*Asks:* 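Attaching a single structure in structure tokens format; questions to follow.
Residue numbers start from 1 in every chain, and the chains themselves are labelled A, B, ... in the order their sequence lines are given, proteins ahead of strands. Quick caveat: nothing in here was measured; it's all calculated off a predicted structure.
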2 protein chains.
Amino acid sequence: MVREPLGEEAAAELARMFKALSDPVRLRLLSLIASYEGGEACVCDLTGPFDVSQPTISHHLKVLREAGLVGSERRGTWVYYWVLPAALAKLSALLQAGAVPAGAVPAGAGAVPAEAGA
Amino acid sequence: MVREPLGEEAAAELARMFKALSDPVRLRLLSLIASYEGGEACVCDLTGPFDVSQPTISHHLKVLREAGLVGSERRGTWVYYWVLPAALAKLSALLQAGAVPAGAVPAGAGAVPAEAGA
DNA sequence: GGCCTGTTTTGATGGATGTCTATGCAGTCT
DNA sequence: AGACTGCATAGACATCCATCAAAACAGGCC
């Protein structure tokens, strides 16, 4: 993020993922899923804690799934959701890079600012 | 994030920050600012690389500022913007936590299927 | 088969958002 | 002072989004 100014395509893809995180209900859903034992939860576990209707929860889960942040699978009657760690790690790394701005990099970190030209 | 399901208030605040990141132009603005030498850039440096009008850039910068992601200051003729590392670090840490879910994943059971569904 | 529960999809609606043009405000320079 | 540049604000408009009620779909059970 600091090394080069983030091209249009990359920004568009990342923006889609961040947009999926830009709703309080979806954030809580994600953390709720992640905090469940085994790292997965069925929809029936997720509808309770919220004030919104069950179809709305289903909609939010779809948004998270299409953003590549969670995976889902049907097992018999119930549908289970789990977090996809790689996606979160990707976003985390991006923000981490932005949190260590150019020029403030101590020796060894590798990100020499010098010329951010490209 | 994994430890506890993220309360309503915390989720609302975080969602506001993520929402600020949910636009491609704002993401590129942020990375552009971060990649500038000294970690700051004036608006005149930021309007060029985009296809949108200057007022639109100004609007996006305002959104980033109100989300607490960047700071700004007027110096004579120009206004400078810089990234607020603490904010990005906060979000990064949250996602990092979600990316390393429940270390107590039982053997076999929780092993995230990674590509199972969708 | 028929019903019942769990989940998704559809259609509608009020509100938020990104973008523009036009205008206003703040400093600088002659 | 007046004019000119850099940036922000105001208003307008089209689009997107979160939400709900209703209906459709899927699987299990009698």
Side-chain angles (χ1 to χ4, degrees), chain A residues 6 8-9 11-30 32-33 36 40-67 69-82, chain B residues 6 8-9 11-30 32-33 36 40-82 116-118:
Chain A
L6 203 60
E8 294 187 31
E9 296 179 18
E13 181 190 346
L14 291 165
R16 264 185 284 117
M17 303 180 82
F18 281 124
K19 180 168 290 184
L21 296 173
S22 70
D23 184 278
V25 173
R26 286 197 289 269
L27 271 183
R28 291 175 61 200
L29 274 174
L30 201 65
L32 202 53
I33 294 171
Y36 253 74
E40 60 180 26
C42 90
V43 178
C44 59
D45 294 323
L46 302 174
T47 52
F50 298 93
D51 291 335
V52 300
S53 66
Q54 184 273 326
T56 298
I57 295 294
S58 188
H59 161 70
H60 284 308
L61 288 171
K62 183 180 183 180
V63 172
L64 288 172
R65 178 158 31 89
E66 291 183 341
L69 298 177
V70 303
S72 69
E73 183 189 11
R74 175 161 216 130
R75 286 184 213 139
T77 303
W78 298 280
V79 176
Y80 289 84
Y81 282 79
W82 57 86
Chain B
L6 203 59
E8 293 187 32
E9 296 179 19
E13 182 189 347
L14 291 166
R16 266 184 275 124
M17 304 181 82
F18 280 124
K19 181 170 292 184
L21 296 174
S22 70
D23 183 278
V25 173
R26 285 198 290 268
L27 270 184
R28 291 175 62 202
L29 274 174
L30 200 66
L32 202 53
I33 293 171
Y36 255 74
E40 61 180 25
C42 90
V43 179
C44 59
D45 295 323
L46 302 174
T47 52
F50 298 93
D51 292 335
V52 300
S53 67
Q54 178 271 322
T56 298
I57 294 294
S58 189
H59 162 70
H60 283 308
L61 288 172
K62 183 179 183 180
V63 171
L64 288 172
R65 180 159 30 90
E66 292 184 339
L69 298 177
V70 303
S72 69
E73 183 188 10
R74 173 163 217 131
R75 286 187 212 135
T77 303
W78 298 281
V79 176
Y80 289 84
Y81 282 79
W82 58 87

*Asks:* Over how many whole Å does the gap from Glu73(B) atom CD to dA8(D) atom P extend?
*Replies:* 13 Å
*Asks:* Any idea which of dT19(C), dC20(D), dT7(C) is nearest the His59(B) side chain?
*Replies:* dT19(C)
*Asks:* If you look at every heavy atom in Ala11(B) and Leu27(A), which pair is closest and at what distance?
*Replies:* O-CD1, 3.6 Å
*Asks:* dG27(C), OP1 or OP2 - any side-chain N/O from Thr77(B) closer than 4.0 Å?
*Replies:* no
*Asks:* Could you check which of dT19(D), dT19(C), dT9(C) has an atom nearest any side-chain atom of Asp23(A)?
*Replies:* dT19(D)
*Asks:* dA8(D) C1' sits how many Å from Leu64(B) CG, rounded?
*Replies:*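 Whole-Å distance recorded here is 15 Å.
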*Asks:* Hey, is the main chain of Lys19(B) close enough, under 3.5 Å, to the side chain of Arg26(B) for a donor-acceptor pair?
*Replies:*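 Yes.
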*Asks:* May I ask you to verify if any side-chain N or O of Lys19(A) is less than 4.0 angstrom from the OP1 or OP2 atom of dC16(D)?
*Replies:*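 For Lys19(A), the contact criterion (side-chain N or O under 4.0 Å from OP1 or OP2 of dC16(D)) is not met.
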*Asks:* How many Å lie between CD on Gln54(A) and C1' on dT8(C), as a whole number?
*Replies:* 8 Å
*Asks:* What is the distance, to the nearest angstrom, from the CZ atom on Phe18(B) to the C1' atom on dT17(C)?
*Replies:*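 The answer, rounded to whole Å, is 19 Å.
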*Asks:* Over all heavy atoms of both residues, which pair between Leu46(A) and Ile57(A) is shortest? Give the atoms and the distance, please.
*Replies:*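 Nearest pair, atom of Leu46(A) first, then Ile57(A): O-CD1, 4.3 Å.
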*Asks:* By nearest atom, which of the nucleotides dA22(C), dC7(D), dC17(D) is closest to the Pro55(B) side chain?
*Replies:*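 For the Pro55(B) side chain, the nearest candidate turns out to be dA22(C).
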*Asks:* If you look at every strand shown and take non-hydrogen atoms under 4.0 Å, does Phe50(A) touch a base, only sugar-phosphate, or nothing?
*Replies:* nothing
*Asks:* Taking only N and O in the side chain of Tyr80(A), is any of them less than 4.0 Å away from OP1 or OP2 of dG6(C)?
*Replies:* no
*Asks:* Could you check how far CZ of Arg74(A) sits from P of dT7(C), rounded to whole Å?
*Replies:*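 Going from Arg74(A) (CZ) to dT7(C) (P), I get 7 Å.
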*Asks:* What nucleic acid atoms does Arg65(B) come within less than 4.0 Å of, heavy atoms only: base, sugar-phosphate, or nothing?
*Replies:*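 No contact.
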*Asks:* Determine yes or no for a side-chain-to-main-chain donor-acceptor pair under 3.5 angstrom, with Arg28(B) supplying the side chain and Phe50(B) the backbone.
*Replies:* no
*Asks:* So, OP1 or OP2 of dT8(C): does either fall under 4.0 Å of a side-chain N or O from Tyr81(A)?
*Replies:* yes
*Asks:* Would you tell me if any nitrogen or oxygen in the side chain of Thr56(A) comes within less than 4.0 Å of OP1 or OP2 on dA18(D)?
*Replies:* no
*Asks:* Report yes or no: is the cationic atom of Arg75(A) (NZ for Lys, CZ for Arg) under 6.0 Å from the centre of the six-membered ring of Tyr80(A), at an angle within 45° of the ring normal?
*Replies:* yes
*Asks:* Nearest to the Trp78(A) side chain among dC20(C), dT19(D), dT7(C), which nucleotide is it?
*Replies:* dT7(C)
*Asks:* I need the CD1-P distance between Ile57(A) and dG6(C), as an integer number of Å.
*Replies:*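 Computing the Ile57(A):CD1 to dG6(C):P distance gives 16 Å.
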*Asks:* Keeping the roles fixed (side chain from Ser58(A), backbone from Pro55(A)), state whether a donor-acceptor pair exists under 3.5 Å.
*Replies:* no
*Asks:* Of the nucleotides dG27(C), dG18(C), dT7(C), which one has an atom closest to the side chain of Ser58(A)?
*Replies:* dT7(C)
*Asks:* Using the side-chain heavy atoms of His60(B), tell me which of these nucleotides is nearest: dG18(C), dA21(D), dT21(C).
*Replies:*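 The listed nucleotide nearest to His60(B)'s side chain is dG18(C).
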*Asks:* Would you classify Arg26(B) as touching base, sugar-phosphate or nothing, given that sugar-phosphate means primed atoms plus P, OP1 and OP2, and contacts are heavy atoms under 4.0 Å?
*Replies:*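 Sugar-phosphate contact only - Arg26(B) comes under 4.0 Å of backbone atoms but never of a base.
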*Asks:* Closest nucleotide of DNA chain C for Val52(B) versus for Asp45(A): which of these residues is on the 5' side?
*Replies:*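 Between the two, 5'-proximity favours Asp45(A).
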*Asks:* Just how far, in rounded Å, is C1' of dT7(C) from CZ of Arg75(A)?
*Replies:*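 Going from CZ in Arg75(A) over to C1' in dT7(C) covers 15 Å.
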*Asks:* For the pair made of NZ in Lys62(B) and C1' in dT17(C), what is the distance, rounded to whole Å?
*Replies:*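 It is 14 Å, rounded to the nearest whole Å.
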